[in-house]
Enquirer: 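First the structure, then my questions, so here it is.
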Amino acid sequence: LKIVPVSLSCLTWMSWDFFLPVCVGDLVKTGGINQYVVQDVVPPKQLPSHISKFKAALRSQGPLCILEHFDTGYSVLQHCNSVELTVKEDTLELLVQVVSGLAASLPTLLASTSVSAAERKEKLNAVKMSVFLLCKLTETLESYSCRQSIVTAPGKGGKKGKASGEGLLQWDSEREKVLQALVQLLQLDIRSLWNLSLVEEEFTSCVTCCCYKLLENPTISHVKSKPTRDCIIHLLGILIKKYSHLLGASVKVIQLLQHFEQLSSVFAQAVSVWSTEYGVRAIIGEVIREIGQKSSEELAREGSGVKAFAFFLSELSALVPDLMIPNISVLITHLEGESHTMRVAVCEVLGEILVHVLCGDRLDESGKADRDRFFDTLQEHLHDTHSHVRARVLQVYARIVNSKALPLCRYSEVMELAVGRLMDKSINVVKSAIQLLAAFIAHNPYSCKLSSADLKKPLEKEMAKLREMKEKLKGQEPVAVIKASELWAAMEPELLVTVRAELEPTSEAEQEQQEDEKNSDVEEEKEEKDARTTAVQIAQYLRVNKYRNAIRLCIRAHTCFPESEMFASLSTLTTETLMDTLALIFKGSDEDTAELSQNLPSTPQKEGEQQGEDGELKKQEMLVQYLRDTETFALQVERAISVINTMLYWKTTSVVQEAVQFCVTVCEFSVANSISGVRKMLPLVWSTDAAIKDAVVQAYRRLYLNPQGDTIRMKAQTLVDSLSELMVDASLGTIQCLEEIVQEFFGSGSNLQSTVVQVLWERFTGKRETSDLHRRAAVLLLGMAARAEREVVLSNLDTLCSVAVGEKVTEDFLLARDTVITICSITDHVRQSKGAPFRLPQDHQLFTCLTQAIAEGVVMEDPYWQSFMEHAVRLIYFLAESPDQLCSRLLQRSARLLLDQIAEGGEVNKDAGQMQDGSQESTEQVSCVCLAQLLALCGCVAFWQVSHLERSVSAELRRRRGETEEREEKEKAPSSKQMANESAMEEELGLIGASAEDTEAELIRKICETELLAEENLLCAFLPLLVKVCSSPGRYSHPQLTTAACLALSQYMMISPSVCEENIRLMFTVLERSAFPVVRANAIIALGDLTVRFPNILEPWTQNLYARLSDEVPSVRQTAVTVLTQLVLKDVLKVKGQVSEVAVLLIDPEPHITSLALNFFNELATKDNAIYNLLPDIISRLSDPERGMIRQLYTIQLFSYITKERQTESLVEKLCQRFRTAKTERQWCDLATSLSLLSMCERGFKRLQECWECYSDKLTEPGVYQPLLNITAKLRRGAKPQFKAQIDEFEKRLTAVHTRGLENVESPEMDDENQKEGGSTDKTVMRTPLPAKGRPRTKRGQTKPSVSSRGDDSFVTPQRSRKSKKPVITFSSDEEEDEEDAVMAESETPKVTTPIARTSRRARLRN
């Protein structure tokens, strides 16, 4: 474009004005009068030379050179897409220098008062031209930079991408220079350059458009862009404050937030700076008003805009919360809107205001009202319909509590709401509730140790004291106060008579007057100090009805105080003046009355006492209220702890982690019952989830393994104290879990290890005075340390023996037991498996002490002896050489001591002569306990002898054989290639060593079968005694004796199959007929072990084990379901119909038993089709009317395990067939309900239609009709039109048959239907047809015949009635009775029907 050039030199500077164009291209068009027009647009190739002239002119003329070289800068803008980058950079640099030069030169001009219009116009044109070019070129380069950042993605490109990257880096630095130059210029008061100081809007828009263009950069919110961001914010702040950009900025903020979500934090910072540093507070109101005017529907549509607005409000409230209060009413309306994001933002704004502004005790009434209103609003949204809102409100409350901004009066209310949110269905809400509760506990204003039990007694005591104080004050309450005027009106008549009498005295009156005058003389000396004191005295006389004294003192006072105003009227002594004076003194004005009453002698003391008592009462009321609030808070904390403890085993990892952190918090703040959660989370150290396991380990390390203290010694003592407290009263499972934590500590190489071990030994040996519980904890901790470092215990065996199992062992068998457990920690079989076993000689001090303690304890009645004995015998078999010989001598010694005791008891009885019956019973009881302990010892020795043979001896035989084979292989080389091939073939077939292992296993079996119970073996001598005690419950009725004998007999039965077969019938007799629940429970456990060892022998007795599931004692049922669960899930017992007995426990009244049964079916569901095969039988058993389980079927959730369509189809058919054989309406209803509980599919529905004949005659019953209707309603949801038509037709059919039965009428349609169905037209359809096959037969134990037998297609499991007759067995204590009568008859003994395949003995021995 070439325009005829006109030299600017011929024009004066005053002849034109520069107007900022709306569009850049407008400057080349002919403008108005005196309007600047671009004369020459330089071609791109000539631009470098023109820029050089521009640069030279800048050096020579200064920033005003822009007036001559504007066209050069404009040409660069016009050809920006075609010129080189260096040209644009040079132009930008020149423009920055021009603007900076103007900023430096203008202050002098602006400060001068004598500036010509031409000069001002010249400067104004230069400012406009330079700012216009600089802003437009900056926008152009910014657009180019953004395009390059999109095209040249990270990780791509070669040289071009690298060059572009360098250009971008240069632009980032140049952009900041541009903004700084503009800030320097605009912060000057250049408005005076314009006429009337009115800056044109185009100039402001030119700068602001550039700023907003820079803000659109995606990286503007990054940390590296902070200098640029700050410059833009300050530049816009100057424009808002000085150049009237307030409204434009508020609108632009809203527009950019809608399109650029990343600008939320930027604009929040900007608005806070504009309102604080620049004092433009109105900007907040404008922006919030714009957001508040957004409709709920509009916000629901704009997803990104809503998020940006919400984040902007949250950030802004955190920066300037005090400035949000005047505009909060505009935002509150969004709490009722549909956008949950806006509701979250408003709640966070309220939270910031409550934390930073409306907090503390110095609020005025208005502030308190706002605070309460905001808290009420937050509490309402704790029940918001959206889970995200509920979670964020809980987080807001947590921030409020952490900032200590929650009023004390709201603690209980908010705490209760938080505990309620623990039951929320949203995981995020639950986690936020846990965090809030942890904050409550960490910042609670009550007691450091929150325990409702400890607070109950102080509260009752203080409440009683408060009641006493109230009753005392109630008794001291004065009579209703009467005003002085009322008293005067009452006394005036009598007083008037007295005054008249005094003024007209009689002879007698004169005498009295003389006497009174004497008295008044005395009183005058005491009280007539001044007129006021005299007036008080007169008033007192009047109050106590001493009228004469008052009258005479009043007359006397006028004489003494003639100048007093009170008595001035008495100058003329008349009845009226005297009455007026007395009235004035008595009544007076209100102030005088108050002063008089205060001057009364007794009143100040009474009021002081009353005020003191009122103050004490208020203090007591405050104390009682504090204790009440503390107790309420403690109860809520305990409730929260109990709920959160259950979350430790949730499937959601994040919830478990929050629960673990909560337990740590409550433990650190010493909250009552906090140790329960710490112990409960301990088993999570075995969790397969690494995050949960790490959280628990870190929690225990934080609580127990990182002690505080000034020295290593103090830290070690603190650590030992903490671990000891955790182990006190801990269960065996807890100790095993804690062992994992302690092992990790001792294996971590901590510098505390040696000191901790030293402290533990000091506690155990008694060098430091400590309790018995902590001594036991110390020795157990030493055992845990020994698993990581064996020498901790092994090098101190003598100390352990002398302290715990020495001479004082009988004083504390629990310490001895825990010591034995600690010594056992060095017998790690995994560590010893390769080398020779570690054993000690028989004459070692350890075994001498143990055998002596066991033998002496047999004849004692210590309740802890048996647990010590069991661990001691185990230790003997683990550590001693030839433990069988040692235990044989132990049994001999124990039996001899018991016989000696019996002999001594017999001699005492013989010498004493006749004794009372009670004493004889006492002697028998003592002998029963000792005999029970001896039998327990026998059983324990028998059990560990078998274990010793099958584990230790077998392992030693394998080890020796392996050493022999290795030695032989080294001594002889392969003789020939053929031998090598044969050896390789045998090795490939697995035959090497097989025969030797079989020989070893056969040797062990032969020893157990023939030698252990041979006549020369001492164990054989006790077996008849065991059988005698177990088979004679009448004679041996002591519970401990019976229990010990039963357990010992079961341990003997583990020795060999022959012993098991001989006594199995006796064991089941004890199981079913023992009167002691503990015996029955122990028998179940023993028989479970025997089932694992001898499955073929126990298989026929399976139904007797299942029978214990219906035992009347909960503990027996619990033991039975636990044992059977292990046997079934480990495939020891086959899954047969008896498993349905476990389903009965799903409706057991005991919750723990119900959970065990449910866990059984959860595990069983992992086996293919197991529950599917059992479900019809379970339903039939539970719906049996003889069981009396009415309406209990619906509580069972077994139908959720049926997920396959084929299984559903098959179950539908089987359940429909059950309608034919069901006898009662109750069974019909249960079957129909079961059908409705299935997840019905299309195939199942077709099968339901095909089985119409099975249940059509039962549809008159509502309990059958309604569940079937429910099936059709479920199937109709989302069904295809064709299938929906079938459903509708079936539903009409159901309704027709149901209605026909109710109305007792028939329709032609139903007749046709009946003919198709093969039915009759009889009106009565309630009779159930029986199958054609089979004949009636009677169940065993029932007197009435049952339903006829079913055909092959019927899915029915025969029921065993609870009322079945059993052989009557009488327990008697008669010595002459045949003792074997207590055992099952031979005819009752089950026969083996199905042999169970067993693994080889060699494989079992390896296990």
Side-chain angles (χ1 to χ4, degrees), residues 314 317-318 321-322 324-325 328 332 335 343-384 389-422 424 429-450 452 455 622-623 625-641 643-644 658 661-662 665-666 668-669 671:
S314 301
S317 63
D322 53 327
M324 299 292 289
I325 297 179
I328 195 65
I332 290 292
L335 289 175
R343 296 203 299 273
V344 167
V346 177
C347 290
E348 290 185 341
V349 170
L350 295 178
E352 293 295 338
I353 292 174
L354 290 170
V355 168
H356 297 102
V357 183
L358 300 179
C359 60
D361 300 329
R362 298 181 180 179
L363 293 177
D364 55 9
E365 293 300 324
S366 176
K368 291 181 180 178
D370 290 341
R371 181 189 64 186
D372 294 340
R373 188 170 70 254
F374 292 168
F375 273 121
D376 292 339
T377 303
L378 287 177
Q379 287 180 204
E380 290 175 3
H381 286 275
L382 279 175
H383 301 286
D384 196 281
V389 182
R390 299 195 299 272
R392 294 300 285 272
V393 172
L394 288 168
Q395 293 170 15
V396 168
Y397 265 114
R399 192 157 62 249
I400 292 173
V401 173
N402 288 328
S403 303
K404 299 182 180 180
L406 184 66
L408 189 61
C409 59
R410 290 187 175 266
Y411 260 73
S412 297
E413 188 176 0
V414 179
M415 184 78 171
E416 184 177 0
L417 291 172
V419 174
R421 287 299 93 201
L422 292 174
D424 201 284
V429 178
V430 174
K431 292 194 295 184
S432 299
I434 296 174
Q435 293 169 358
L436 174 57
L437 291 170
F440 267 119
I441 293 172
H443 299 88
N444 83 87
Y446 301 107
S447 173
C448 59
K449 291 188 177 181
L450 297 169
S452 59
L455 291 168
M622 292 175 64
L623 177 59
Q625 187 61 40
Y626 173 79
L627 290 175
R628 280 178 179 167
D629 293 343
T630 307
E631 185 189 32
T632 303
F633 187 80
L635 288 172
Q636 290 169 342
V637 168
E638 291 171 5
R639 179 185 166 201
I641 290 174
V643 175
I644 294 175
E658 289 293 342
Q661 290 302 317
F662 177 82
T665 300
V666 296
E668 286 180 336
F669 284 90
V671 178

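Just so it is clear, the values below take in all heavy atoms, side chains as well, and ignore hydrogens, waters and symmetry mates.
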Enquirer: Please report the interatomic distance CG(L378) to CG(L394), rounded to the nearest 0.5 Å.
Expert: 10.5 Å

Enquirer: Can you tell me how far apart CD1 (I641) and CD1 (I441) are? Round to the nearest 0.5 Å.
Expert: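 One finds 5.5 Å between CD1 of I641 and CD1 of I441.
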
Enquirer: Side chains of H356 and D322: is there a donor and an acceptor less than 3.5 Å apart?
Expert: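 Checked: H356/D322 side chains show no N/O donor-acceptor pair below 3.5 Å.
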
Enquirer: Can you name the closest pair of heavy atoms from R410 and D372 and give their distance?
Expert: NH2-O, 3.4 Å

Enquirer: Roughly how far apart are I325 CD1 and F374 CZ, rounded to 0.5 Å?
Expert: 6.5 Å

Enquirer: State, to 0.1 Å, how close S314 and A345 come at their nearest heavy-atom pair, and which atoms those are.
Expert: OG-CA, 4.0 Å

Enquirer: Just how far is it from atom CG of L382 to atom OG of S432, taken to the nearest 0.5 Å?
Expert: 10.5 Å

Enquirer: For S412 versus T632, what's the shortest heavy-atom pair and its separation?
Expert: OG-CG2, 3.9 Å

Enquirer: Which pair of non-hydrogen atoms, one from T665 and one from A438, has the smallest distance, and what is that distance?
Expert: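 Reported closest heavy-atom pair: CG2-O, 3.9 Å.
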
Enquirer: Provide the closest heavy-atom pair for V401 versus A439 in the form atom of the first, atom of the second, distance.
Expert: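 In terms of heavy atoms, the two residues are closest at CG1-O, 3.6 Å.
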
Enquirer: State whether a side-chain donor-acceptor pair under 3.5 Å links E658 with Q435.
Expert: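 On atom types as modelled, these side chains qualify, holding a pair under 3.5 Å.
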
Enquirer: How many angstroms lie between CD1 in I353 and SG in C359, if you round to the nearest 0.5 Å?
Expert: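 If we round to the nearest 0.5 Å, I353:CD1 and C359:SG are 11.5 Å apart.
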
Enquirer: Going by the salt bridge (charged side-chain N to carboxylate O under 4.0 Å, His left out) test, which pairs reach into residues 394-409, not counting sequence neighbours?
Expert: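 Output for this query lists E352-R399.
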
Enquirer: Working note: L406 + F440, criterion side chain to side chain contact (heavy atoms under 4.5 Å, CB included); need CA distance, chi angles, decisive distance, verdict.
Expert: CA-CA 10 Å; L406 184 66; F440 267 119; 3.7 Å; yes

Enquirer: Tell me whether the rings of F375 and Y397 are parallel (<30°), tilted (30 to 60°) or perpendicular (>60°).
Expert: parallel

Enquirer: Indicate every side-chain donor-acceptor pair of residues 413-421 with a distance under 3.5 Å to a residue at least two apart or in another chain.
Expert:
residue	atom	partner	partner atom	Å
E413	OE2	Q379	NE2	2.9
R421	NH1	D424	OD2	2.4

Enquirer: Under 4.0 Å between a Lys/Arg side-chain N and an Asp/Glu carboxylate O for R373 and D376?
Expert: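 Looking at D376 together with R373, the answer is no, because their closest N to O distance does not fall below 4.0 Å.
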
Enquirer: C347 pairs by side chain to side chain contact (heavy atoms under 4.5 Å, CB included) with which of R390, Q395, R392, H381?
Expert: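 Answer after filtering R390, Q395, R392, H381: H381.
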
Enquirer: Can you tell me how far apart CD1 (I328) and CD1 (I332) are? Round to the nearest 0.5 Å.
Expert: 5.0 Å

